[in-house]
Structure formats: structure tokens, C-alpha cells
Number of protein chains: 2
Amino acid sequence: MRKKAATPSLAANRAGLLPHLGEVFREHGYEGASLTLITKATGLGKGSLYHLFPGGKQQMAAEVLAEIDGWFVRNVFVPLGEAEDVRAGIAHMFAAVDDYFRSGRRVCLVGVFALGAARDEFAAAVRDYFKAWGEALTAALCRAGYARAEAAALSEDVLAGIQGALVLARAANDAKVFTRTLARLKKRVGAK
Amino acid sequence: MRKKAATPSLAANRAGLLPHLGEVFREHGYEGASLTLITKATGLGKGSLYHLFPGGKQQMAAEVLAEIDGWFVRNVFVPLGEAEDVRAGIAHMFAAVDDYFRSGRRVCLVGVFALGAARDEFAAAVRDYFKAWGEALTAALCRAGYARAEAAALSEDVLAGIQGALVLARAANDAKVFTRTLARLKKRVGAK
DNA sequence: AAAAGTTTGTACCGATCGGTACAGGCGACG
DNA sequence: CGTCGCCTGTACCGATCGGTACAAACTTTT
């Protein structure tokens with residue numbers, strides 16, 4: 001092998017690390033995720049951390065956001081747009097969402113960042129995430145037979161319902177609030 | 001006047017202060033609301049602050065939460081339960097909510113705390129706030145003719161819709177997301 | 001095995017965190 | 001006018017924050 005053979009662990013570590021990083025940010029927020037907590041959660045010392053992410057916390061958070069965005073693009077947005085059966089695509093979205101948020105036991109990191117103090121720093125990523133989701137869902141609903149305006153409104157209701165249910169579930173410490181709400185949203189969407 | 005004549009400014013300050021404190025917590029979260037920011041927002045030095053709130057930040061936040069809870073009890077929960085015309089009480093709730101959240105330009109401090117890192121410290125207050133709201137609304141919907149289960153589900157949808165719309169509005173930096181969603185929720189509730 | 005390059009732990013940095021101590025300012029009352 | 005007690009600005013505290021420097025330890029290449 002000629003090609004530099006760049007340490008394999010670096011890329012591997014990085015990919016394996018992001019989920020752990022994500023959990024720390026998710027549970028403690030951007031400000032609350034101290035380097036101490038991060039080292040504890042990842043098992044990596046500051047040295048390694050700053051070697052992998054020279055941009056520090058900001059870069060870690062940005063990459064975590066990007067990874068989450070990528071997950072939703074792959075597992076939600078694209079299926080919504082490409083499924084042969086639109087209804088199957090939409091059903092897939094609800095299943096993926098339930099999966100991702102661990103049936104309400106997990107909160108939305110993007111939502112946490114949207115409300116948190118570091119909002120401005122990640123405003124663009126946060127905005128784009130919801131925008132992409134809303135557009136993908138609206139388009140799918142149109143294909144499913146909803147009129148343009150109706151689809152846009154319903155899409156907004158679904159996204160808000162999901163985010164709000166996550167907040168309520170966390171507040172009540174009862175994940176069922178989320179699963180119930182999600183089930184009703186799915187039913188409402190399928191009513192057409 | 002015999003009664004001690006306790007400095008009038010203290011109680012007055014305290015009451016007048018809470019809204020300002022609330023704004024700081026709302027905009028920066030519990031962790032993000034540093035004493036520096038608080039002194040700046042209130043115009044009071046640490047000396048005065050700790051004189052009024054010996055319990056420090058934790059006490060400030062707790063009192064802010066209590067004040068907000070009181071506002072909702074007075075302006076939303078009680079009207080929901082006592083209005084002669086139930087529908088008027090419900091309409092009043094939507095108006096009060098739109099007012100309180102400044103048509104979507106303000107986020108919900110209780111929601112911020114629910115998602116934030118200080119969650120555990122204020123878990124009880126956060127839980128009770130949403131519980132009281134949900135119960136008041138459910139009861140009102142029952143009185144308006146909804147069946148018990150239907151009322152409970154709709155109530156959950158409304159609360160989640162409101163919280164979620166606040167998140168989306170903040171994320172999109174577009175308050176209209178909130179007003180649109182709120183209008184749809186109102187319409188849905190009134191459909192019966 | 002020596003050299004080169006990568007990854008890591010550790011010590012340290014200035015800044016800021018929440019909180020405390022306290023001396024004096026200031027206003028009400030005698 | 002003097003006294004007393006609430007109020008407040010300031011200095012200071014230890015802890016922790018995010019981030020940097022760097023030398024030892026490890027890999028990999030020669």
C-alpha cells in the first residue's frame with residue numbers, strides 16, 4: 001500500500017465518537033457539556049480530543065449536528081421523496097422517528113440547540129434541518145393527495161407535534177406521552 | 001403606621017425583578033444565565049441580588065418558575081375552569097397563550113428548563129406546570145362536549161403543538177410558524 | 001534498529017463561574 | 001442631628017471553564 005496509510009484509528013475513532021459526543025450534548029446542552037463530561041463519556045483525554053477536533057467544542061457540536069442531519073437525510077428525508085409508495089414512505093418516517101427518539105426517552109438535540117443559549121452559533125444548521133424535513137414531508141403529502149396548502153399546514157403540525165411531544169415527555173418523565181402523540185399524528189396524516 | 005414599615009422597595013423590587021430575571025433565563029437557559037448577565041439585565045449588583053435571593057441562582061430560577069406558574073393559573077387554568085361559557089374560556093386560553101409568547105417571538109421558559117441541563121433541579125415544577133395545564137384543558141374540553149378520552153388526547157395535542165411550534169418558530173427565526181400553528185389548533189378544538 | 005510520524009496524558013493558562021464577606025452608603029425614625 | 005438597619009458596591013474566594021503546550025509513548029516506515 002502506497003497511499004500514506006493514514007492511521008485508520010483516526011477516522012474510525014471519529015465516526016465511533018460522534019454518537020457518544022451527541023449523547024453528552026443531548027443530555028447536558030452545549031454549555032452544559034463540559035470537557036470533563038466529554039472526556040468521561042468518550043474515554044478520551046483532552047489531548048486526543050483536541051487532536052481529533054482542533055476546533056474544540058464548537059467543532060464537536062458542529063460535526064454531531066452534521067451527523068444527525070445526515071442520519072435524517074438518509075433515513076427520513078430521502079425515503080420520503082423516493083419511496084415508490086408515498087404512504088409507505090410516510091409510515092417509514094414515523095417508524096424511523098420513533099426509533100431515533102427511543103420512543104420518547106431521547107430528546108431532540110436540534111431542538112435543544114434551538115432553545116439553548118448557543119442558538120446563534122448553530123442557527124443555520126438548526127434552521128436547515130427543520131426546513132429540509134418540512135419540505136420533504138410537505139412534498140410527500142402532496143404526492144399522497146393533499147392540496148399544497150393543506151400539506152404544508154399538516155407538515156408543520158406533524159413537526160411541531162413531534163418536537164412538542166418530546167418536550168412534554170421529558171417534562172412528565174413519561175415517554176408514553178410521545179408514543180401516544182406520534183400515533184395520533186400518524187393516524188391524522190393517514191386519514192386522507 | 002405602626003407595622004414595621006418594612007422597606008417598600010424590597011417587595012416592589014422583587015416583583016418587578018422577576019420578569020427581568022425570567023427573560024435572562026429564557027434567553028440563555030439556566031446555565032447560560034451567568035450572574036454577570038443577571039446583574040446587567042436587572043441593574044442590580046451581586047450584593048443586592050444575594051440580599052434579595054439568599055439562595056442564589058437556584059432561588060431566582062425557582063421564583064421565576066413560580067411566578068410564571070402563577071400567571072398561567074390566573075390567566076389560563078382558572079378561566080378554563082370557571083368561565084360560564086366553556087368555549088369562551090378555551091378561546092381565552094388561546095388568546096392568553098398568543099399574548100404570553102408574544103405571538104411566537106418568545107420561547108417557553110418551562111420548556112427550556114425541561115430540555116436543559118438543570119432539568120433535574122426543577123423537574124417537579126416543570127412537571128406540575130404541564131400537568132396542571134393538561135388537566136385544566138382536558139376538563140374544559142369535556143365540558144365542551146368531548147368524550148373523556150378524546151378530550152385527553154386533544155389536550156395533549158394542543159400542549160405539544162404549542163411547545164413544538166415555539167421550538168420551530170425559534171429554529172426558523174420566524175414567529176409566524178407559531179401563530180399559524182396556534183390558529184390551526186384553535187380551529188381544531190372548536191370543530192366539535 | 002533507527003528514524004519519522006501519530007496519538008496521548010499531564011501540567012498549565014487566563015478567564016469566568018457562583019458565591020461570600022464586609023465596609024460603607026443611604027434613608028427612616030427617634 | 002444622631003442612630004439604627006436595610007441595601008449595595010467591591011474585593012475576594014476556590015472551583016471549574018475551554019483551550020494550549022509539550023514531552024513521553026506508541027506506530028509505522030525505512
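Order of the sequence lines fixes the chain letters, A, B, ..., with proteins taken first and strands second; residue numbering starts at 1 for each chain.
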Could you check how far [atom1] of [X] sits from [atom2] of [N], rounded to whole Å?
X      : N       : atom1 : atom2 : answer
F53(B) : dG18(C) : CZ    : P     : 15 Å
Q58(B) : dG18(C) : CD    : C1'   : 13 Å
Y50(A) : dG9(C)  : OH    : P     : 15 Å
R14(A) : dT6(C)  : CZ    : C1'   : 15 Å
L49(B) : dC7(D)  : CG    : P     : 14 Å
Q59(A) : dG18(D) : CD    : P     : 16 Å

Residues 119-127 of chain B, side-chain donor-acceptor partners within the protein, below 3.5 Å, at least two apart:
unit_1	atom_1	unit_2	atom_2	d
R119(B)	NH2	E27(A)	O	3.0

Tell me whether the guanidinium CZ or amine NZ of R14(A) lies under 6.0 angstrom from the six-membered ring centre of F53(A) and within 45° of its axis.
yes
Would a distance-only check, ignoring hydrogens and angles, find a side-chain to backbone donor-acceptor pair under 3.5 Å from [X] to [Y]?
X       : Y       : value
K57(A)  : L35(A)  : no
R105(A) : R102(A) : yes
S48(A)  : L44(A)  : no

Pairs in or reaching into residues 153-169 of chain B: which pass side-chain hydrogen bond (donor to acceptor under 3.5 Å, both in side chains), with residues at least two apart or in two chains?
R180(A)-E156(B), R184(A)-E156(B), R184(A)-D157(B), T138(B)-S155(B), D157(B)-R188(B)
Within residues 30-43 of chain B, the residues having a heavy atom closer than 4.0 Å to DNA chain C are A33(B), S34(B), L35(B), T36(B)
Taking only N/O atoms, report every protein-nucleotides 21-26 of chain C pair under 3.5 Å with atom names and distance.
none

The side chain of H51(A) is closest to which nucleotide in this list: dT7(C), dT20(D), dG18(C)?
dT7(C)
Taken in chain and number order and not counting sequence neighbours, the residues that satisfy ring-ring contact (aromatic ring centres under 6.0 Å, His included) with F101(A) are none
Residues at least two apart in sequence or cross-chain that pass ring-ring contact (aromatic ring centres under 6.0 Å, His included) with F72(B), listed by chain then number, are Y100(B), Y129(B), W133(B)
